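The structure under discussion appears below in the form of structure tokens.
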Amino acid sequence: MDFDDMGMNPCLRDNVHRLGFDEPTPIQEQAFAAIASGRDVMGLAQTGTGKTAAFALPILQRLMTSPCERLRVLVIAPTRELAEQLFQAFGELGQGSGCRGVTVYGGVAIGPQKERLAEGVDVAIACPGRLLDHLQQDTIDVSAVDTLVLDEADQMLDMGFVPAIRDIIKRLPTPRQTLMFSATMPDSIRAMANEFLTDP
């Protein structure tokens with residue numbers, strides 16, 4: 001199978017080819033249809049195997065198919081560096097799609113993030129601590145979020161973010177699609193998947 005056989009929007013397909021990718025990696029091929037259909041997915045793949053595109057492409061496809069002028073996708077990442085990498089990947093894969101995004105993390109002024117959120121975005125890529133700040137200050141509206149992505153779940157577990165993630169999830173609408181990606185699958189990650197995902 002190659003990307004031309006996956007039923008992608010032509011804009012996304014052209015972006016993938018422009019970035020030099022011809023064939024999907026195993027995680028991309030296996031995850032695309034399941035995510036596009038709306039199922040919860042638990043993805044296990046090492047860094048460098050293309051798991052960001054595995055969830056970004058079907059998410060962008062859905063955003064383009066059913067546009068909505070509200071925040072619909074929330075991606076939670078353990079570090080600001082990863083948040084920026086994810087933001088860049090969404091931007092490159094979604095070039096020309098009209099989808100708008102923002103990064104939300106600490107260590108920088110919160111004002112510009114509030115302004116960007118107020119202008120309207122489709123995707124927010126956030127670290128747990130700063131996201132909770134925005135939720136507590138009511139500067140992010142998550143009432144239309146229909147997709148939650150927990151990326152590098154094993155890192156978030158190691159960094160002690162699970163209580164914050166529970167707090168965030170309690171504020172999100174249900175039902176929704178939840179995607180969880182991790183490089184390793186110890187028992188603690190299985191427990192997280194059982195807690196946060198439905199029939200993945």
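Just so it is clear, the structure is predicted and the values come from calculations on it, not from any experiment.
- Grouping the Ile, Leu, Val, Met, Phe, Trp and Tyr side chains by contacts below 4.5 angstrom, directly or via other members, places I76 apart from L86.
- For the pair Q28 (side chain) and G50 (backbone), a donor-acceptor distance under 3.5 Å is present.
- The two atoms that bring P163 and G160 nearest to each other are CD-O, 3.5 Å, heavy atoms only.
- Rounded to the nearest 0.5 Å, atoms NZ (K170) and CD1 (I165) are 13.0 Å apart.
- Between P58 and A36, the closest heavy-atom pair is CB-N, 3.9 Å.
- Residue pairs meeting the side chain to side chain donor-acceptor pair (under 3.5 Å) criterion with at least one partner in residues 187-200, sequence neighbours excluded, are R166-E195.
- Proximity of a side-chain donor or acceptor of S66 to a complementary backbone N or O of R62 within less than 3.5 Å is detected.
- Clustering ILVMFWY residues whenever any of their side-chain heavy atoms sit less than 4.5 angstrom apart, transitively, puts V16 in the very cluster that holds L12.
- A salt bridge is absent between R18 and D14: the closest approach of a Lys/Arg side-chain nitrogen to an acidic carboxylate oxygen does not fall below 4.0 angstrom.
- Between the side chain of T79 and the backbone N or O of L82, at least one donor-acceptor pair lies under 3.5 Å.
- Shown here for D22 and H17, the closest heavy-atom pair between the two residues is OD1-ND1, 3.7 Å.
- To the nearest 0.5 Å, the span separating CG on L74 from CG on L131 amounts to 5.5 Å.
- Side-chain atoms of D40 do not come within 3.5 Å of backbone N or O of L197 as any donor-acceptor pair.
- Looking at D122 and L71, their side chains never come closer than 4.5 Å, going by heavy atoms from C-beta outward.
- The pair R72-D146 meets the salt-bridge criterion, since a charged nitrogen lies less than 4.0 angstrom from a carboxylate oxygen.
- Legend: residues meeting ring-ring contact (aromatic ring centres under 6.0 Å, His included) with F55, ordered by chain and number and at least two apart, are F181.
- With contacts defined as side-chain heavy-atom distances shorter than 4.5 Å, the pair I189/L157 qualifies.
- Taking every heavy atom of both residues into account, C11 and M64 meet most closely at CB-CE, 3.9 Å.
- If you take OG on S182 and CG on D154, they are separated by 3.0 Å, rounding to the nearest 0.5 Å.
- Side chain of R171 to main chain of I168: no donor-acceptor pair is present (N/O by atom type, distance under 3.5 Å, no hydrogens or angles).
- Side-chain atoms of T49 come within 3.5 Å of backbone N or O of Q46 as a donor-acceptor pair.
- Cluster annotation: M180 is connected to V162 through the hydrophobic network of ILVMFWY side chains, with a link wherever side-chain heavy atoms come within less than 4.5 Å.
- Listed for the R80 side chain is no donor-acceptor partner under 3.5 Å among the backbone atoms of V104.
- Just one of T147, L148, V73 meets the side-chain contact (heavy atoms from CB on, under 4.5 Å) condition when paired with Q177; it is T147.
- Checked for salt-bridge contact, R100 and E69 meet the test: a charged N lies under 4.0 Å from a carboxylate O.
- In this structure, V41 is a member of the same hydrophobic cluster as F90, with clusters built from ILVMFWY side-chain heavy atoms closer than 4.5 Å.
- The structure places CD of E29 at 9.5 Å from CG of D5, a figure rounded to the nearest 0.5 Å.
- Rounding to the nearest 0.5 Å places CE of M192 at 10.5 Å from CE of M185.
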Practice problem: Please test R13 against M6 for side-chain contact (heavy atoms from CB on, under 4.5 Å), starting from the C-alpha separation and ending with a verdict. | Solution: CA-CA 9 Å; R13 189 185 62 228; M6 293 173 66; over 6 Å; no
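- A heavy-atom distance below 4.5 Å is not found between the side chains of F32 and P24.
- You'll find the side chain of R176 reaches within 4.5 Å of the side chain of I169, heavy atoms only.
- The only option from E92, Q85, E84 that meets the side-chain hydrogen bond (donor to acceptor under 3.5 Å, both in side chains) definition with Q88 turns out to be E92.
- In the hydrophobic cluster analysis, where Ile, Leu, Val, Met, Phe, Trp and Tyr join through side-chain heavy atoms closer than 4.5 angstrom, L57 is grouped together with I35.
- At distances below 3.5 Å, at least one donor-acceptor pair connects side-chain atoms of Q113 with backbone N or O atoms of Y105.
- Side-chain contact between L63 and V123 is present, with heavy atoms from C-beta onward closer than 4.5 Å.
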Exercise. Using the side-chain contact (heavy atoms from CB on, under 4.5 Å) rule, take V149 and I59 through it: C-alpha gap first, then chi angles, then the decisive distance, then the call.
Key: CA-CA 10 Å; V149 183; I59 285 172; 3.7 Å; yes
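- Nearest approach of F87 to T103, heavy atoms of both residues: CB-CG2, 3.4 Å.
- Taking the side chain as every heavy atom from C-beta outward, M8 and L60 never approach each other to under 4.5 Å.
- When every heavy atom of P78 is checked against every heavy atom of F161, the shortest pair comes out as O-CE1, 3.4 Å.
- In this structure a side-chain-to-backbone donor-acceptor pair under 3.5 Å is missing from T184 to P186.
- Between the side chain of Q61 and the backbone N or O of N9 there is at least one donor-acceptor pair closer than 3.5 Å.
- Here the CZ atom belonging to R116 is positioned 12.0 Å from the CD1 atom belonging to I140, to the nearest 0.5 angstrom.
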Practice problem: Show your reasoning for whether side-chain contact (heavy atoms from CB on, under 4.5 Å) applies to R70 and V145. | Solution: CA-CA 8 Å; R70 301 174 67 188; V145 168; over 6 Å; no
